[in-house]
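The structure appears below as structure tokens.
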Amino acid sequence: SAIRIPELMGALTVTKMVSTGRHRLGDPDYMDRTITWDAMPPFDKSIKSFHIEIHEVTVDQYLYFAKQTGRQMPEFHLDPFFSGKSQPIVGVSWEDACAYCAYYGRRLPTELEWEAAGRTAQGTLYPWGTSEQGGLPSQQGADKPPTVKSGGKNSTGIYDLSNGVSEWCQDVYRSSPRFGDQTFDGMRVVRGASWRDGGLMRRLTYRRGLDEMGKFSNVGFRCVKKVQ
């Protein structure tokens, strides 16, 4: 039967569909370490259609999940800077994020799905277009993440891709091909700039690897689901 979520606890996030097609991925400046040291080189990739949540999972949504499943809330929930009900949940491990998505029949996006959803069919490097100029100002220096849907959206209607929190992806982290394309067990890919980041880190090609057991104040997640 369908899972019903009380409105006060925050409804399950609306999704947007990313259609099947070839997507331009990777960074044209991937060889320039001053821009992004482990970016992938440009390539075209066919990706099957999927639905992606339009914003990151909120504190309120995760709290409901935690109450239903007995999962412990992250310690950041006790910090007034990170406990606003409409702020993105942070301080969750990769496994926590997977468990939340699975509870609703969803999953974490692969890093290529995440990038394709952000760059849209136009293949733009930023959610707002092709250059660093034109987006909402970075919130570098702020004490806390902004509420969801306050970081702007791309042409598909997906919010906070470069101005909310960084986001867990499914994949085991692999370094850039120019560094041997090594696989790092126990590390998972994180995509997207957080509110703490600025400049070229706000590109949708920005990627890094973090300890999958880690719980960070600037890392959250959103889920995807398959097309029925």
Side-chain angles (χ1 to χ4, degrees), residues 3 5-16 52-104 106-109 114 117-118 127-128 135-154 156-169 188-198 201-202 204 206 208 210-224:
I3 299 169
I5 303 177
E7 183 64 30
L8 289 177
M9 296 307 300
L12 192 59
T13 306
V14 170
T15 63
K16 290 282 188 178
I52 187 167
E53 293 176 346
I54 63 170
H55 63 72
E56 294 145 344
V57 174
T58 67
V59 168
D60 213 26
Q61 290 172 314
Y62 195 87
L63 177 61
Y64 178 80
F65 159 73
K67 287 181 175 179
Q68 294 298 110
T69 62
R71 186 169 289 263
Q72 187 173 1
M73 284 293 288
E75 62 181 48
F76 287 105
H77 180 57
L78 302 175
D79 188 324
F81 285 151
F82 298 97
S83 58
K85 67 178 184 179
S86 295
Q87 286 180 293
I89 190 72
V90 296
V92 290
S93 68
W94 178 83
E95 194 275 332
D96 290 331
C98 287
Y100 174 95
C101 294
Y103 183 73
Y104 295 110
R106 299 183 177 188
R107 60 173 174 80
L108 290 177
W114 190 98
W128 51 84
L136 291 176
S138 170
Q139 300 193 42
Q140 271 185 300
D143 294 323
K144 58 185 180 180
T147 57
V148 299
K149 299 177 72 173
S150 63
K153 62 182 178 179
N154 68 4
T156 305
I158 303 168
Y159 291 85
D160 308 321
L161 292 159
S162 291
N163 216 31
V165 293
S166 298
E167 300 176 22
W168 288 115
C169 291
R188 296 285 172 171
V189 172
V190 170
R191 282 301 199 115
S194 77
W195 87 97
R196 292 177 176 170
D197 303 316
M201 286 188 289
R202 299 177 77 190
L204 293 164
Y206 176 62
R208 56 192 165 133
L210 292 176
D211 180 353
E212 64 186 26
M213 301 299 292
K215 299 182 178 184
F216 307 95
S217 63
N218 63 336
V219 177
F221 67 99
R222 73 182 79 209
C223 309
V224 300

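Throughout, numbering of the chain's residues begins at 1 and tracks the sequence. Keep in mind that the numbers below use all heavy atoms, side chains included, and drop hydrogens, waters and symmetry copies.
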Report task. Please test K85 against T58 for side-chain contact (heavy atoms from CB on, under 4.5 Å), starting from the C-alpha separation and ending with a verdict. Result -> CA-CA 7 Å; K85 67 178 184 179; T58 67; over 6 Å; no
Query raised in the report: If you measure from NZ on K67 to CE on M73, what distance do you get to the nearest 0.5 Å?
Result: 9.0 Å
Query - Partner residues of P127 under the side chain to side chain contact (heavy atoms under 4.5 Å, CB included) criterion, sequence neighbours left out - result: N154, L161, S162, L204
**Report entry** Step-by-step side-chain hydrogen bond (donor to acceptor under 3.5 Å, both in side chains) determination, T15 to R106
**Finding:** CA-CA 11 Å; T15 63; R106 299 183 177 188; 5.3 Å; no
**Report entry** Spacing of E53 atom CD and I158 atom CD1 [to the nearest 0.5 Å]
**Finding:** 11.0 Å
Query raised in the report: Are K153 and K16 close enough, and set up right, to give a side-chain contact (heavy atoms from CB on, under 4.5 Å), and what steps lead you there?
Result: CA-CA 12 Å; K153 62 182 178 179; K16 290 282 188 178; over 6 Å; no
Requested in this report: Please report the closest heavy-atom contact between R191 and C169, naming both atoms and the distance.
Outcome: CG-SG, 3.7 Å
Query raised in the report: What distance do F65 atom CZ and Y100 atom OH have between them, rounded to the nearest 0.5 Å?
Result: 8.5 Å
**Report entry** Full working for side-chain contact (heavy atoms from CB on, under 4.5 Å) between H77 and Y62
**Finding:** CA-CA 10 Å; H77 180 57; Y62 195 87; over 6 Å; no
Query raised in the report: With a cut-off of 6.0 Å (strictly less than), are more than 12 heavy atoms of other residues, nucleotides or ligands near CD of E75?
Result: no
Requested in this report: Identify the heavy atoms of P74 and V92 that sit nearest to each other, and give their distance.
Outcome: CG-CG1, 4.1 Å
Query raised in the report: Are L108 and W94 side-chain neighbours, meaning at least one heavy-atom pair lies under 4.5 Å?
Result: yes
Query - Pairwise side-chain contact, C101 with F221, heavy-atom cut-off 4.5 Å (strictly under) - result: yes
Query - With K215 via side chain to side chain contact (heavy atoms under 4.5 Å, CB included) - residues at least two apart - result: S93, D96
Requested in this report: Starting at CG of D79, measure out to CG of D143 and round the result to the nearest 0.5 Å.
Outcome: 10.0 Å
Query raised in the report: Of the non-hydrogen atoms in W168 and D211, which two are nearest, and what is the gap between them?
Result: CH2-O, 3.2 Å
Query - Heavy-atom pair of closest approach, residues D160 and R222 - result: O-NH2, 3.7 Å
Report summary line: One should read off an interatomic distance between D197 CG and Y206 OH, to the nearest 0.5 angstrom, of 5.0 Å
Query raised in the report: What are the two closest heavy atoms between V90 and V165, and how far apart are they?
Result: CG1-CG1, 3.7 Å
Query raised in the report: Is any side-chain heavy atom of R196 less than 4.5 Å from a side-chain heavy atom of S217?
Result: yes
Query raised in the report: Mind checking what makes ring-ring contact (aromatic ring centres under 6.0 Å, His included) contact with F76, not counting sequence neighbours?
Result: F82
**Report entry** Side-chain (Q68) to main-chain (Y64) donor-acceptor, under 3.5 angstrom
**Finding:** no
Query raised in the report: Side chains of R208 and S166: closer than 4.5 Å at any heavy-atom pair?
Result: yes
**Report entry** Pairwise distance CZ(R188) to SG(C98) - rounded to 0.5 angstrom
**Finding:** 7.0 Å
Query raised in the report: Under 3.5 Å, side chain of Q87 to main-chain N/O of P145, donor-acceptor pair present?
Result: yes
